[in-house]
Amino acid sequence: MSAAPEALASTLVDRLLDPVAALGRAVLGLLRSVGAIALFAAEAISHLLRPPFYGRLFLKAFIEIAWFSLPVVALTAVFTGMVLALQSYTGFARFNAEGAVANVVVLSITRELGPVLAGLMVAGRIGAAFAAEIGTMRVTDQIDALSTLSTNPMKYLVAPRLLAGTLALPLLVIVADTLGVMGGWLIGTQQLGFGSGAYLKATFDFLQVADVVSGLIKAAVFGFVITLMGCWSGYQSGGGAQGVGRATTSAVVASSILILALDYVLTAVLFSR
Amino acid sequence: MSDAQPAVTSDVPKIRLRGLRKAFGAKQVLDGVDLDIRAGHSMVILGGSGSGKSVTLKCILGLIPPDAGLIEIDGRNVATLSRRERELVNDRIGMLFQNGALFDSLPVWENVCFKLLAQNRISRRAARDKAAEVLAQVGLAASVGDLSPAELSGGMQKRVGLARAIAAEPDIIFFDEPTTGLDPIMGAVIDGLIVDCVKRLGATAVSITHDMASARRIGDDAAMIHKGQIIWRGGAQSLGDTGNAMVDQFARGEREGPIQMELRR
């Protein structure tokens, strides 16, 4: 009978510690995933350094990412530049700083919005497509078939895509930067009353090489992360069509969050003084 | 099992399994599989769903690492090989998957000659000719080579899968449920093609199936796996009249017998 209060106390302590245990499990799960993804990436990179090389697959992935993402990235960049010009003008008018519109547009686009928005657009298109394709291959035994045909699936499926993503996104961002600035110029000259020459002069006077280069570095990192998460999610998928669906969602969500988180980290590193 | 027959032959077997064990979580799928497969013979492994026959095949192919046990191919333990060495062993192996597992992104001719192209053993132009030749061996026209796998019927996909399995002229060919999902006539056609191809190559064949008619057509030897162990081995033609109550029940498809399905009501 005397054990009853002790048992009650023990149950109470267990209940109180439940959230802590759940948090611990979640943290351990997260660390396991991070470790597994890091090993997956390291193995894929090691295959880029050892023959055989699948040039045709690299080219196919590169065209898929760079060429077929061009319309959506271009449209996003143009409208972002236009909105940015309009918002800055109306905002800056409150303290008579309308003249800074061109500078704000070009710095915002090259440093931040070009790489981040292009990254998010490509994550939606390519991350999902890679996860769905590789996931379908997983659940229909095509990845096992590659192994039985003496072909390493990591080398064949993952390595060319990673390289293509890392190289293609900076090219897309160059286009996005150009079109974003042109979007701002269009609104500046056609709606806000800036002279064309003056707007462009203000744009290029304040632009530094480091602004563009930092954006391209971010783009290369984002391209790597998008293709890595797409390939990883697809590679780990299972459970039929539902599993492939989950892999696709997970690829897009994870790469979008990582883009935004890494954007902060890279900004802190690249622009710290 | 007490009525298990020794699955060992006197000469060096092409494939030798000893004490193969594999568990997934708490479920012990393979519980000490012992089996010898003679060179140049066709072995059929029978067993119900979940009995461990697919896992056995995947362990031999190196797709799943076993927890314990020995897997020898030509007297060499392949379970301990590096990935590169394993790829060299797989060079001599062909595999027909249950659902074909053809690569959606490639036309049929590239699927058929995939291994030869991936290893740069053949030019793309020569691969087209080779694919036409191998497709003819499985009764398909050369024009099928230009189609996408998605455009093929189930029977055609099996035949293309068979063409891919034999294109590199392997020593060992595995067949995973080769007739599942096919009508009886197409099943017999595929079995006939399998027998022809295996004989022409002089290969060792290992098939897993629960189709008795198919097992008798393609097998020289047969073995039955139940609850992760080989419980019987004998001639494929004796299936249905083996004297082993479990095998005979399975071969005749009888509801009553020593094998009880675990049905949850």
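Just so it is clear, the values below take in all heavy atoms, side chains as well, and ignore hydrogens, waters and symmetry mates. So that the names make sense, note that chain A is the first sequence line, chain B the second, and so on, each numbered from 1.
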Closest contact, heavy atoms only, A:Ala145 versus B:Ala101: CB-O, 3.9 Å
Region of A:Arg56 that comes under 4.5 Å of a non-hydrogen atom in chain B: side chain
Per-residue contact mode, A:Leu146 against chain B (heavy atom under 4.5 angstrom): both
Greater than 12 external heavy atoms within 6.0 Å of B:Arg125's CZ: no
B:Glu133 CD: over 12 foreign heavy atoms closer than 6.0 Å: yes
Which atoms of B:Leu102 approach chain A - backbone, side chain, both or neither, heavy atom under 4.5 Å: backbone
Any A:Leu149 side-chain heavy atom under 4.5 Å of B:Arg164 side chain: yes
Pairs of heavy atoms under 4.5 Å with chain B: top-ranked of A:Thr151, A:Thr148, A:Thr140: A:Thr148
B:Asp91, part contacting chain A, at a heavy-atom distance under 4.5 Å: both
Nearest non-hydrogen partners of B:Asn90 and A:Ser150, listed with the distance: C-OG, 3.5 Å
Flag if over 12 foreign heavy atoms under 6.0 Å of CZ, A:Phe79: no
Reported OG-to-NZ distance for the pair B:Ser105 and A:Lys60, which is rounded to 0.5 angstrom: 4.5 Å
Which of B:Gln98, B:Glu87, B:Arg86, B:Lys58 touches chain A most, by non-hydrogen pairs under 4.5 Å: B:Glu87
Side chain, backbone, both or neither of B:Leu61 within contact of chain A (heavy atoms, under 4.5 Å): side chain
Ring pair (Phe, Tyr, Trp, His ring centres under 6.0 Å) against B:Phe114, all qualifying residues, sequence neighbours excluded: A:Tyr156, B:Phe103
